[in-house]
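Notes follow the structure.
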Amino acid sequence: MTAIAASIDQVRSRIATAAREAGRDPAEVQLLLAVKRVEAARIREAFDAGATLIGQNRAQELVATEPDLVDVPHETHVIGHLQSNKVNQVMRWANCVQSVDSSKLAERLDRAAAARERDLDVFIQVNTSGEETKSGVPPEQAGELAAVVGSLPHLHLRGLMTIGANSPDPGEVRASYTALAHARDAVVSSADPGTGEARELSMGMSGDLEIAIAAGATMVRVGTGVFGSRNT
Ligand SMILES: *Cc1c(COP(=O)(O)O)cnc(C)c1O
C-alpha cells in the first residue's frame with residue numbers, strides 16, 4: 001500500500017468515527033481531497049487508492065493538472081476564490097464551483113455554462129468566522145445570494161461552503177460550523193425557487209473535520225492529512 005493510500009484509509013476511519021459519535025451514517029460524509037500544489041502523479045495515486053473527488057484552489061493549477069487526469073473517472077471542484085476572468089477556463093474542467101461569493105460571479109458562471117450547453121453545480125461560500133482574510137458572504141447575506149443563484153437556469157445550488165475559524169479554541173471553530181448549518185437551514189426553508197435542494201455543508205479540514213462532522217458536514221476537504229505538509 002502506498003503512503004497516500006494509507007493516509008486516505010486513516011482519514012476515512014476518522015470520518016467514520018466522527019460520524020458514528022455524532023449519531024450519523026458515515027456514508028453521509030464525502031471526502032474531497034484538497035490538491036493544491038500536489039502534482040498530477042500523486043493525485044493519480046490517490047485515485048488509484050479509491051479517491052474520486054478533488055478540489056483545486058487556483059484556476060491555473062486546475063487547468064495545468066486536469067489534462068493529465070482525463071483517463072481517470074473523477075470529479076473536480078473549485079474550492080478557492082475564483083476571478084471572473086478565469087470562469088471560462090474553469091468551465092472546461094470543473095464539475096462544481098464551491099466558492100461562489102457574489103451575484104456577479106454567479107451570473108458569469110451561468111452565462112459560461114450556457115455557452116457550453118451544460119449545467120454547473122455550485123455552493124455558496126460563507127465567511128462564518130468574520131476573519132477579513134477569508135472570502136465569502138456574511139451568513140446574513142447567504143439567503144439573498146442563494147435566491148439569485150437559485151434563479152439562474154444553468155446553476156444547481158447544492159449547498160453552502162465555509163472555511164472554519166482559524167483558532168486554537170475548538171469552541172470558536174464549532175461556532176463557525178454551526179453558523180453554516182443555520183444559514184443552510186434558512187436557505188432550504190426559504191421557499192425561493194432553486195434553493196430547496198441546497199442541503200450540503202462543505203466544511204472541515206485535516207485539523208478539525210471531527211468538529212465539522214458533529215456540526216453536520218456532508219463533505220470534508222482534506223489536504224495535508226493525505227498529502228503531507230505543503231511547501232510554502
Ligand atoms: C487547503 C484547503 C483545504 C485543506 O486544508 P488542509 O488543512 O490541508 O486539510 C480545505 N479547503 C480549502 C478551501 C483549502 O484551500
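We count ligands from 1, going down the list as the structure has it; atoms in each ligand are counted the same way. Computation of the quantities below employed the complete heavy-atom set of this structure, encompassing side-chain atoms and omitting hydrogens, waters and symmetry-equivalent molecules.
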Practice problem: Pick out which of Gln56, Gln89, Lys86, Arg92 makes a side-chain contact (heavy atoms from CB on, under 4.5 Å) with Val63. | Solution: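 Answer to the side-chain contact (heavy atoms from CB on, under 4.5 Å) test with Val63 among Gln56, Gln89, Lys86, Arg92: Gln89.
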Measure across [X] and [Y] and return the closest heavy-atom pair with its distance rounded to 0.1 Å.
| X | Y | answer |
| --- | --- | --- |
| Asp119 | Pro153 | OD1-O, 4.2 Å |
| Leu32 | Met219 | CD1-SD, 3.9 Å |
| Glu61 | Val38 | OE1-N, 4.2 Å |

Quiz prompt | Intermediate values then yes/no, side-chain contact (heavy atoms from CB on, under 4.5 Å), Gln10 and Val226 | solution = CA-CA 9 Å; Gln10 267 173 18; Val226 167; over 6 Å; no
Self-check item: Distance from atom 10 (C) of ligand 1 to nearest protein heavy atom, with residue and atom
Solution: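 Looking at atom 10 (C) of ligand 1, the protein heavy atom closest to it is Met205 SD, 3.2 Å.
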Exercise. Measure the distance from atom 13 (C) of ligand 1 to every protein heavy atom, then report the residue, atom name and distance (to 0.1 Å) of the closest one.
Key: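 For atom 13 (C) of ligand 1, the nearest protein heavy atom comes out as Ile79 O, 3.4 Å.
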Self-check item: Sub-3.5 Å N/O-N/O distance, Val222 and ligand 1
Solution: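 Such a contact does not occur with ligand 1.
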Quiz item: For ligand 1, does Ser206 get within less than 4.0 Å through its side chain, its backbone, both, or neither, judged by non-hydrogen atoms?
Solution: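 The answer is both.
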Quiz item: Side chain, backbone, both or neither: which part of Thr224 has a heavy atom under 4.0 Å from ligand 1?
Solution: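 Both the backbone and the side chain of Thr224 come within reach of ligand 1.
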Give the atoms of ligand 1, by number and element, whose distance to some non-hydrogen atom of [X] is under 4.0 Å.
| X | value |
| --- | --- |
| Lys36 | 1 (C), 2 (C), 3 (C), 14 (C), 15 (O) |
| Arg221 | 4 (C), 9 (O), 10 (C), 11 (N), 12 (C), 13 (C) |
| Gly223 | 4 (C), 6 (P), 8 (O), 9 (O) |

Quiz item: Taking it one step at a time, do Ser176 and Thr178 satisfy side-chain contact (heavy atoms from CB on, under 4.5 Å)?
Solution: CA-CA 6 Å; Ser176 62; Thr178 304; over 6 Å; no
